Structures are given as structure tokens and as C-alpha cells.
Amino acid sequence: MPEGPELHLASLFVNRMCEGLVFSGAVEKSEVNKNPEVPFCCDAYCIKAQSRGKEVRLTLTPIKNDDDGKRKVSKHHSQQPMDVVFRFGMSGFFRFTSVEDLPKHAHLRFYTNENPRRVLSFVDTRRFGSWHPNGTWQKDRGPCVMFEYESFRENVLSNLSDKAFDKPICEALLNQKYFNGIGNYLRAEILFRLQIPPFTKARTVLEGIELKDKDKKEIKKEITVLEKTDRAGKKGVKVETPDLLSLCHDVPFEVVKLGENGYAPAKGEYSVLQAWMQCYSVDGMNSISDHNGRTIWFKGDPGPMVPKDAKSRKMKWKIQKDDDYTDSKKAKKTRTDSTAIKKPAKKKDNIKVKKESATSKAQSGSKRQKKVTKRVSTEPADETKKLKEQGKRSSKVPPRTGTNKIKGQRVKEVIKTKRNSVTCRKSATKAKPQRKSSGTRRGRSR
DNA sequence: CGTCCACGTCTAC
DNA sequence: TAGACCTGGACGG
């Protein structure tokens, strides 16, 4: 769940768990992980954490020891503090356990000096995460949307000519140079709150804010002059009407509040987040793949810059009751119908597909529809899979409000299987070669 | 057992 | 703008 709020919760977790504890020895890295060793070793040190956008920085500080002066300082023992900056990738998080319960995929470990030692570990199943000994906040990442709000806002509004804002707002929101901390679920939730079509040009949306800001100042002046009047409702003079940028700050904080009572990634806590979500992965919402192959969830009109061949990914359409609730002129209707389960797609042939694709596209359907679906296919049709969604997905979700159905992926329980081994599939054993399919694609640009 | 999907970057054509 | 980088859960056959 690593987006800004989770990174911040991770830092709170580390500070809470490690407060008053003394750590000792070397920092241990798993064999499989390709990140660098952390050259820090100390008889006694403490750990503090801080977050900024989508990064967390741990500071390892040697603890002064009175008789330390005499104690020969082994050259292996650090005397100076060290910062280690983490990025969580898709699956990173911190845990604090006994040595016995070391989680699988605990790739970096800090041990306490207690008797049965305990361990603070950076757990990262997919290993997309990274850490940087003696690191600093990554240059090129903008101000934190949560803790550097004013400069975040300024950074965006004073750089609207940047071509980063030529893109659809939903894609610009993932640009960490301007929206450090926003990720895939936050962008959906934020745009949803304002009902901004995700594929509206970013600059268009943001220029509106810039103007309003100016208006606001003007209005303020007027007001001081006019004193109170009846303008109340109109310009929202009363309490700041939320705009896209303020929501980039407020919405993440809502998530922080949800999790303050216990940071437990990979655990049932996720269901709380799911229950909170109003759009991302929610039944009845629309979703399509953006220009970077990332799924954007939204309600209603996708907006003008929607990818040409963008077909709905997995319309949650299960709820047909709608039709009117969204109004959204064509948008929804269209794609929903595009259905026409054209190919059952059999699969196989993938091999040849490669070449074929060029010509065929349409019929080569086989191959991994998914992929095809995304880009290649020119035909509007092809939803193929839509049906599958329908029943399942939502079903298992927790009771919740009934308003939000949750998709269905992992939900509480599950845990139980205890395996401590830090087993990791050695690269050597990589059975499957490629399979380029996997949905995730890089992201962002400049 | 195979396919698709995942809360994110990185880096080569 | 395509992959690459990874593991694993949900689903479908």
C-alpha cells in the first residue's frame, strides 16, 4: 500500500516501535536483494524515521557511552550517524518482530541488543523497493504533498508551462516531481472527489486553480471593504472550497488517520483502506488503462484525452442499475456496450503471435487478450473478459458499508501460514523466462 | 496449471 | 513508450 500516507505511517510505526530501544551490531541484508549493503555497525545505536512524499529516511544514531572514550573504537564500528533512504516499490513496509518471526522477504534487518533479540525489518515481497545508505531525499522529487504543502502548491502553480502538464491530469498526478506522495489509488480518489474527468488536460485543471487563487485574494480585499454582505454561498468565500491541490494534501491525511491505530501492512488493515475508498477498485466505477498502462478508476466521463484505444479494463459494471446516476453523456454507455464479447480468445500461439500481431491484430485475438486489449487492438470491441468480473470480485469483500464493495484481493485472514524463512527464489531458479504480459508498466515520464 | 493483475519506479531502444 | 524488475493472490479451465 505504499503511497504517501503509507510511507508516513511506516515512519510513525518505526518511531513508535523503536522508541527507547537500543540496536546493536551490523545491518543485515538478504542475499537475494540487489540493493547495496548498509555499511553501518555499532554496539549501540537508535533508530528514528521521517517520511517525505513516497520516501522514508531512517537515521541510525550511535549512542554515546561514557566509558566509550577508553573503549578502543574498532574501525568496524560506526561513530557517526547514518541516513538510509527507502523507497517502497509496490510492496515494501517495515515490521518489528522477534528473530523467530522474521517475515519472509525481510530484506534489510536491524537487530536490537535485547536478549532474545528483536528485529526491525524492511519487508519487500516484490523487491521493487530500494534503499540508499548515506542517501538523501531523491532529487527531482518535489515537495511532499502532506508535509510541505505550501511549497508543493507553489511548485505546481509556478511551473504550469512545464510539458508535464500537457498530459491528462490523471497521469500528471503520478509525476513525483510535482506530486510527491500521490499514487494510483490517491489520484483516483482525489479526482473523484471533484468529479474531474481523469483525461482532462492537466494544465486546464490547474490554471483554473491559479485563477481562483487570484480571485480569492481579490475577493478578500473586497470583503474587507464591504464588510459582510450576502454573498455567502457564491464564491465559497466562507471556508476554502477544496480544489485539486488542497485535496492532494487532505485526502492523504484521511488515510493517515485511518491507520494511526496500528500500522499493519499485509494484514487486515487493508480492508479499512478499502472501505474508505470511494472510487478506486470500487464496484460500479469505471476503469481504463492510461497512456502508461496504469489503471485509472473514475466515475462518469473519462475526458477528452482518453487513450485512443483505451477500452475499459474491467468495467465493474456489474451494477446495471446505473445508467442515469452518472449522466455522463456518452462515455460510460459507449464502452459498456463495446462489450460484444468478441473473442473467447483461446490462448496459446503466443509464440507466433509476435509476428502475426502486426497484420492480424484483430483476429490474432488469442495471445494475451489483456495486452492486446490495451494497445494494439484498434477495434473498439473486444472487451472479452468483462464478464468474468461481474460475479466474483466484489463478492468476498468484507461486510462493510455495502456502499463500497471491495475488489477482492487479499483480505484479512490469510496470514496464518507461518514461514520464517527468508526464502527467496534465487534468481538462478527462475523458472519462467519472460512473460512480458504482466500488467505493470513503467510509469511517469520526465 | 496458466493468465491477469497489483498501492512504482528505472532504463534502454 | 516499451519492457524490466519480482512475487503471489484470484480466477478460469
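Quick caveat, the model's predicted, so the values are computed rather than measured. Chain A is the first sequence line, chain B the second, and so forth, proteins listed ahead of strands; every chain is numbered from 1. Just so it is clear, the values below take in all heavy atoms, side chains as well, and ignore hydrogens, waters and symmetry mates.
One atom, CD of A/Gln176, and another, P of B/dG8, lie 8 Å apart when rounded to the nearest Å. Distance CD (A/Glu55) to C1' (B/dG8): 12 Å, rounded to an integer number of Å. One atom, CD1 of A/Ile182, and another, C1' of B/dG8, lie 14 Å apart when rounded to the nearest Å. For A/Phe179 and B/dG8, the CZ to P distance is 15 Å, given to the nearest whole Å. Atom CG of A/Leu174 and atom P of C/dT1 are 15 Å apart (whole Å). The distance from atom CG of A/Asn292 to atom C1' of C/dA4 is 15 Å, rounded to the nearest whole Å. In this structure, A/Asp140 places its CG atom 16 Å from C1' of B/dG8, rounding to the nearest Å. Between the CG atom of A/Asn175 and the C1' atom of B/dG8 there is a distance of 13 Å, given to the nearest Å.
Among the nucleotides C/dG8, B/dG8, B/dA6, the one closest to the side chain of A/Glu3 is B/dG8.
Dashed line: the shortest gap from a side-chain N or O of A/Thr295 to OP1 or OP2 of B/dA6 is under 4.0 Å. Remark: A/Arg294 is in phosphate contact with B/dG8, judged by side-chain N or O atoms under 4.0 Å from OP1 or OP2. Under 4.0 angstrom from either OP1 or OP2 of C/dC5 there lies no side-chain N or O belonging to A/Arg126. At the phosphate of C/dT7, neither OP1 nor OP2 sits under 4.0 Å from any side-chain N or O atom of A/Lys104.
With sequence neighbours excluded, no residue forms a ring pair (Phe, Tyr, Trp, His ring centres under 6.0 Å) with A/Phe110. Scanning for side-chain hydrogen bond (donor to acceptor under 3.5 Å, both in side chains) contacts around A/Glu37 gives an empty result, with sequence neighbours left out. Residues that satisfy the ring pair (Phe, Tyr, Trp, His ring centres under 6.0 Å) test with A/Phe165, not counting sequence neighbours, are A/Tyr178. For A/His249, the ring pair (Phe, Tyr, Trp, His ring centres under 6.0 Å) partners are A/Tyr149, A/Phe253, not counting sequence neighbours.
Contacts classified as salt bridge (Lys or Arg N to Asp or Glu O under 4.0 Å) and involving residues 85-94 of chain A (residues at least two apart or in different chains) are given here: A/Glu55-A/Arg87.
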Which dot-bracket string fits DNA chain B when only Watson-Crick or G-U wobble pairs with both atom distances under 3.5 Å count, crossing pairs get [ ], and | stands for a partner on a different strand?
||||||.|||||.
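Ring-to-base geometry does not place A/Phe88 in a stacked arrangement with B/dG8 (centre distance under 5.5 Å, plane angle under 30° required).
A centroid separation of less than 6.0 Å is found between the aromatic rings of A/Phe179 and A/Phe152.
A donor and an acceptor atom, one from each side chain of A/Asn33 and A/Ser30, are nowhere located under 3.5 Å apart.
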